[in-house]
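Counting starts at 1 for both ligands and their atoms, in listed order. The basis for the numbers below is simple: all heavy atoms, side chains too, and nothing from hydrogens, waters or symmetry mates.
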Amino acid sequence: MAGLQEPRRVTELSNELTRDIDTADPLGIVRRLCGSDAQLFAGWGGHPGVNDPVILDRLWKLSLKTAALLKENQDQKKNNRIVFSGCGTSGRIAWLCSWTYNRILQKFGHTPCFHYLIAGGDRSLIISNELPEDDPPKGAEDLKKVAEGADHVMFVGITCGLSAPYVAGQIDHSMHQPNMTSVLMGFNPVSLSRNAPIEKWDKTCRQVFLELETLSCTSDSAFIINPIVGPEPITGSSRMKGGSTTAVLLGTVFLTSLQTLLGQPILPSMTLPAREPEETEVVFDHSLSPSLSPMVSLLDCYSQTYQTVYRHSGGVASLLKLAASCICQPSGRLIYLGADTLGALGLVDASEMVPTYGVGLEEFRGFVAGGWEGCGNTEGDLSGYGKTFRVSLSQFESDVLPSLTDQDCVLCLHGSSQRTGPPHLHTIVNKVLASPAKCGLLVMAENGMSCNHLLDKRYETAVLIRLPYYHAFGKECVFAGFALKLVLNAISTGANILKGRVYGNEMINLRLSNDKLFERAIAIIEKWSGANEEDAKFALLRAIYKQDDAANVTLSHPACPLLISEYYLSSLFLSSLSLSSSSNIVQYHPTSQRHPLRTWLFHWLCYWQEVGVQSVIAAERKLLQSAK
Ligand code: S6P
């Protein structure tokens with residue numbers, strides 16, 4: 001498969017800090033995630049990181065350009081728009097950030113001008129849908145629609161792996177429009193961006209992104225924001241560090257621009273830039289520029305938030321343990337309840353479990369006070385699409401509350417600045433506390449706010465994280481949201497690790513529902529079996545199609561149209577297959593407690609065995625050695 005023979009993208013490498021995360025206890029898991037998240041701020045492998053002067057300079061120029069566009073909207077009544085776009089988690093962060101920044105504009109009497117796009121539309125906000133990620137023409141079409149009637153569009157295409165064709169299609173469109181600024185955000189060197197052929201398209205992501213990179217050297221309408229933050233703690237799981245870095249970078253650039261526009265400091269303690277943005281020269285040493293310092297201080301606020309979260313590692317680990325005690329039960333569930341941005345972050349975290357760990361739709365759920373109302377999403381109330389989209393607390397009360405058992409964990413997410421919390425949340429929480437479910441409380445506390453009213457001794461575990469920074473512009477819980485994202489990622493990842501869905505630091509129960517995930521699966525097989533790429537791919541196809549006979553597996557590349565739909569269906573079939581684990585596989589697994597044989601990897605091993613016993617023995621030996 002083209003592209004697989006090349007050096008792997010940083011975002012698809014295995015992180016050496018987490019290689020044994022599957023053998024760690026809850027606290028050990030959180031500590032390893034702390035080390036991996038540190039790379040977000042510290043950088044990795046000699047590449048420029050978020051604090052590198054080269055990256056800071058680009059962020060600063062981008063924030064100046066944004067501030068100028070926002071000012072034109074204010075002074076000249078122009079219709080400039082800022083569009084964040086991405087697939088999966090990148091699209092979800094795009095949604096959360098555009099929602100927040102529009103609320104800030106509205107609070108200060110300005111017209112909202114931030115938009116988001118997510119491959120597959122709003123349904124992908126909470127149900128993963130990877131196939132539209134592979135569609136560049138659809139990406140371009142979605143962008144054209146949102147740009148209609150605008151004077152200027154600043155397009156920010158987010159693809160953590162520099163790998164999403166949907167975003168490539170949009171960048172390819174935007175960089176050839178005179179009224180668009182193109183920004184590419186991702187966490188690999190452009191030279192390592194994905195180069196695999198794309199169905200229905202004559203370009204690769206790399207060709208498009210390299211063209212943008214060249215343009216960015218000469219034009220102020222093209223930007224590449226690609227600090228390197230190291231491999232993900234679970235290989236390829238860009239919802240983790242990739243999503244967090246996206247949130248940090250969008251906040252750093254666009255909150256700074258909003259500060260310039262509004263003449264209001266992001267935090268009361270911050271000073272406004274000393275000079276007008278237009279007068280600022282390009283600087284590569286931020287300490288020389290008084291204008292740059294508020295932006296850098298903002299970055300530091302995120303960094304301190306990270307540190308504060310992991311100073312509560314013990315508390316995070318105890319919530320993880322509580323969640324895992326339910327998830328490890330045969331029909332256990334983890335349910336997040338919250339309000340506003342914090343509630344929405346619960347929805348997002350839960351939505352990512354299906355593709356990453358191959359779990360059922362009911363296993364991880366999020367509910368938010370008010371449901372879709374006030375969530376700032378384009379398509380409004382999505383609850384008509386089915387049960388999974390019924391996300392309000394009332395819907396929780398009718399759909400889930402009556403069925404809660406002691407195998408369920410309900411985690412209440414609170415912000416202490418919501419003095420009493422939304423009344424409905426309070427009522428529902430009381431009902432949950434009276435149910436057989438295990439209840440946990442997580443409070444993101446603002447400095448100086450009392451939280452006693454939230455504490456209740458019926459919670460099995462209650463954790464309070466007091467943050468040095470909480471709001472931006474007095475109301476939007478930007479830093480509390482970032483802190484919560486880190487904690488929820490740790491809890492849900494940890495619960496899946498303890499359930500046995502991670503081997504070493506690989507997700508081994510992923511759903512093979514698009515090209516990128518298919519490629520990742522091949523890489524996992526190569527790694528554990530020592531097979532070459534072709535053999536690994538062939539074995540995987542046979543496992544998917546349940547075909548032992550080579551002649552029946554003629555589809556050689558997932559970009560073939562038939563295979564796209566076929567293997568999507570097959571992967572669904574595979575998920576159901578994976579639930580019925582057969583006991584004869586047990587001998588291949590060294591730590592069956594932790595890895596309950598529900599993964600396609602082990603099904604693949606069975607298929608492999610029938611044609612190459614030696615390889616299975618070698619793979620088994622490897623598994624056993626690494627388990628020691
Ligand atoms: C990753 C998540 C995926 C990705 C999506 C986009 O943990 O499950 O949904 O967000 O594939 O990836 P990228 O690299 O284009 O941002």
Inset, instruction - May I ask which of Ser351, Gly88, Pro355, Gly242 has a heavy atom nearer to atom 9 (O) of ligand 1 than the others do? - result: Gly88

Inset, instruction - Tell me which protein heavy atom sits closest to atom 16 (O) of ligand 1, plus the residue, atom name and distance to 0.1 Å. - result: Ser90 OG, 2.6 Å

Inset, instruction - Considering only NZ, NE, NH1 and NH2 on the basic side and carboxylate oxygens on the acidic side, decide whether Lys241 and Asp37 come within less than 4.0 Å. - result: no

Inset, instruction - Give the residue, atom name and distance (to 0.1 Å) of the protein heavy atom nearest atom 10 (O) of ligand 1. - result: Thr89 N, 2.9 Å

Inset, instruction - Before accepting this row, confirm whether a basic side-chain N of the pair Glu232/Arg239 lies closer than 4.0 Å to the acidic partner's carboxylate O. - result: no

Inset, instruction - Among all protein heavy atoms, pick the one closest to atom 15 (O) of ligand 1 and tell me residue, atom and distance. - result: Thr159 OG1, 2.7 Å

Legend entry - Residue and atom name of the nearest protein heavy atom (relative to atom 4 (C) of ligand 1), distance in Å to one decimal: Ser238 OG, 3.8 Å

Inset, instruction - Give the minimum heavy-atom separation between Leu40 and Ser244, together with the two atoms involved. - result: CD1-CB, 3.7 Å

Legend entry - Within 45° cone of Phe364 ring axis and under 6.0 Å: Arg333 NZ or CZ: no

Inset, instruction - Below 4.0 angstrom from a heavy atom of Ser237, which ligand 1 atoms are there? Numbered from 1 as shown, please. - result: 7 (O)

Inset, instruction - Identify the heavy atoms of Tyr166 and Cys87 that sit nearest to each other, and give their distance. - result: CB-SG, 3.7 Å

Inset, instruction - Answer with yes or no whether Glu352 contacts ligand 1, where contact means a heavy atom under 4.0 Å from a ligand atom. - result: no

Legend entry - Contact check, Gly86 vs ligand 1, heavy-atom distance below 4.0 Å: no

Legend entry - ligand 1 atoms in contact with Ser163 (distance to a heavy atom under 4.0 Å): 14 (O)

Legend entry - NZ/NE/NH1/NH2 to OD/OE distance under 4.0 Å, Asp349 and Lys485: no

Inset, instruction - Please identify which atoms of ligand 1 are closer than 4.0 Å to at least one heavy atom of Ala164. - result: 15 (O)

Inset, instruction - Could you tell me if any non-hydrogen atom of Cys87 lies under 4.0 Å from any atom of ligand 1? - result: yes

Inset, instruction - Specify side chain, backbone, both or neither for Leu162, according to which of its non-hydrogen atoms lie closer than 4.0 Å to ligand 1. - result: neither

Inset, instruction - Measure from the ring center of Tyr302 to the ring center of Phe41 and say whether it is less than 6.0 Å. - result: no

Inset, instruction - Flag Gly161 as yes when one of its N or O atoms lies below 3.5 Å from any N or O atom of ligand 1, and as no otherwise. - result: yes

Inset, instruction - For atom 13 (P) of ligand 1, grab the closest protein heavy atom and report residue, atom and distance to one decimal in Å. - result: Cys160 N, 3.4 Å

Legend entry - Residue-ligand contact Lys516/ligand 1, heavy atom below 4.0 Å: yes

Inset, instruction - Flag yes if more than 12 heavy atoms outside Arg31 fall under 6.0 Å of its CZ atom; otherwise flag no. - result: no

Legend entry - Heteroatom proximity flag, Arg92 to ligand 1, N/O under 3.5 Å: no

Inset, instruction - May I ask you to decide whether Lys516 forms a salt bridge with Asp134, counting only side-chain N to carboxylate O separations under 4.0 Å? - result: no

Legend entry - Which residue and heavy atom of the protein sit nearest atom 7 (O) of ligand 1, plus the separation: Arg239 N, 2.9 Å

Inset, instruction - Could you find the nearest protein heavy atom to atom 8 (O) of ligand 1 and give me its residue, atom name and distance? - result: Thr356 OG1, 3.7 Å

Legend entry - Atom NZ of Lys321 with >12 non-hydrogen neighbours under 6.0 angstrom: no

Legend entry - Aromatic ring pairing Tyr101/Phe84, orientation class (parallel under 30°, perpendicular over 60°, tilted between): perpendicular

